[in-house]
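This one's a predicted model, so the numbers in the text were calculated from it and none came from an experiment. Each ligand, and each atom within it, is numbered from 1 in the order the structure gives. We use all heavy atoms of the structure for the numbers below, so side chains are in, but hydrogens, waters and symmetry mates are not.
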Amino acid sequence: MLSARMLLCAALLTATTRAQPAVHRIIFDTDFALPPEDDGLALAFALNSPELDIVGITTVAGNYNVQRANADVLRLLEIANRTDLRVYGGASRPLVHQADAYAKTHYGKWWSTDPAPPPAGGFAKITVQAEPAADFIARSVLSAPGQIEILAIGPLTNIATALQRQPAAARAIKRVTIMGGAIAALPDGAGNMTPNAEFNFWVDPEAARLVLRSGIPIVLSPLNVSRKTSFDKRAFDAVVASKTPVARMIETQMGPRFARDSSFHPHMYDEVAAASVVDPTLVKTQPMIVDVDDHHGIDYGASIGGNEPWPGAEGAARIEVQYDIDNDRFMRLFVDRVARLPQRR
Ligand SMILES: [Ca+2]
């Protein structure tokens, strides 16, 4: 029979456990570039969020090529004194998508073969791991089934490649939170690369379709919710005032832009996806069937979401789609976290 003292101890232990934030073991999959790119701000946020245990960072071509993603992310880890984290170089090209004249004259340098320019402060001394990103993803999730999530904030090439090489990985991944897509059936659902296609999905439509159809539990953070947010001068000033090494880098990278135009207020994309893992109550989601058009026609890369199955979407999966955000609370959390001094774990 349990004594009163033992029951009290058990109650205290339960209360202590409840007070701790839930820790998410995540792989941070990114078409990285330093701020003003959103991946840079999202990683600055993630590094200072005790709810996130980053088990590895994987890079992919998207905003720029993978050489630049590697150089910039390694540099941010040095600035943030987080060289304990490992970076795995990923896909330099989408699964199928070939760069054409449209790709080369519109946003994105995923197709470029240029060497990476030196990031702010010069190239980092640390380097990427020898293991390719897709192999790291598959190995990690298969060695800890049901425990590891992926925060996917670039084209989904690495995850799709991991699933092609190791199909069993789909059942081992706990969840993927994706910044990608735009849902026309919800408000603010236009594309930003073509009239209907969002950039990450458009760069690698075949990968996006494969991952969305994989059966992995997925939360989608589409353009619809990004368009309700912005990183304005007030938020910038609050981050800069902390004078941490990361804040000084953000000031160097973004200060001239805000100095030219104090009304500059870029939307927040990857930052929303990251914050929604830390605090899911920041966003509202609804279940929808979402699929991606991989026909090389006028809607290549467009995501389509519906409440019920429709012809052509056979095999598409029902996922959680973010459609609204408490922007004031999100911004408070974002600024608070980015302005902290990074801590090694
Ligand atoms: Ca990104």
* Asked: Between the Ca ion (ligand 1) and D39, is there an N, O or S atom separated by less than 3.0 Å?
  -> yes
* D31: its N/O/S atom lying closest to the Ca ion (ligand 1) (atom name) -> OD1
* To do: State whether a side-chain donor-acceptor pair under 3.5 Å links S221 with Q322.
  => yes
* Asked: Does D38 bring an N, O or S atom to within less than 3.0 Å of the Ca ion (ligand 1)?
  -> no
* Presence of salt bridge, R139 and E131, under 4.0 angstrom -> yes
* the Ca ion (ligand 1) contact by A42, N, O or S atom under 3.0 Å -> no
* Structure fact -> Per residue D270, nearest N, O or S atom to the Ca ion (ligand 1) is named OD2
* Asked: So which of T157, N63, N158 actually passes side-chain hydrogen bond (donor to acceptor under 3.5 Å, both in side chains) with D31?
  -> N63
* Is the closest side-chain donor-acceptor distance between D114 and N65 under 3.5 Å? -> no
* Asked: Judged by atom type as modelled, is there a donor-acceptor pair below 3.5 Å linking the side chain of E51 to the main-chain atoms of V278?
  -> no
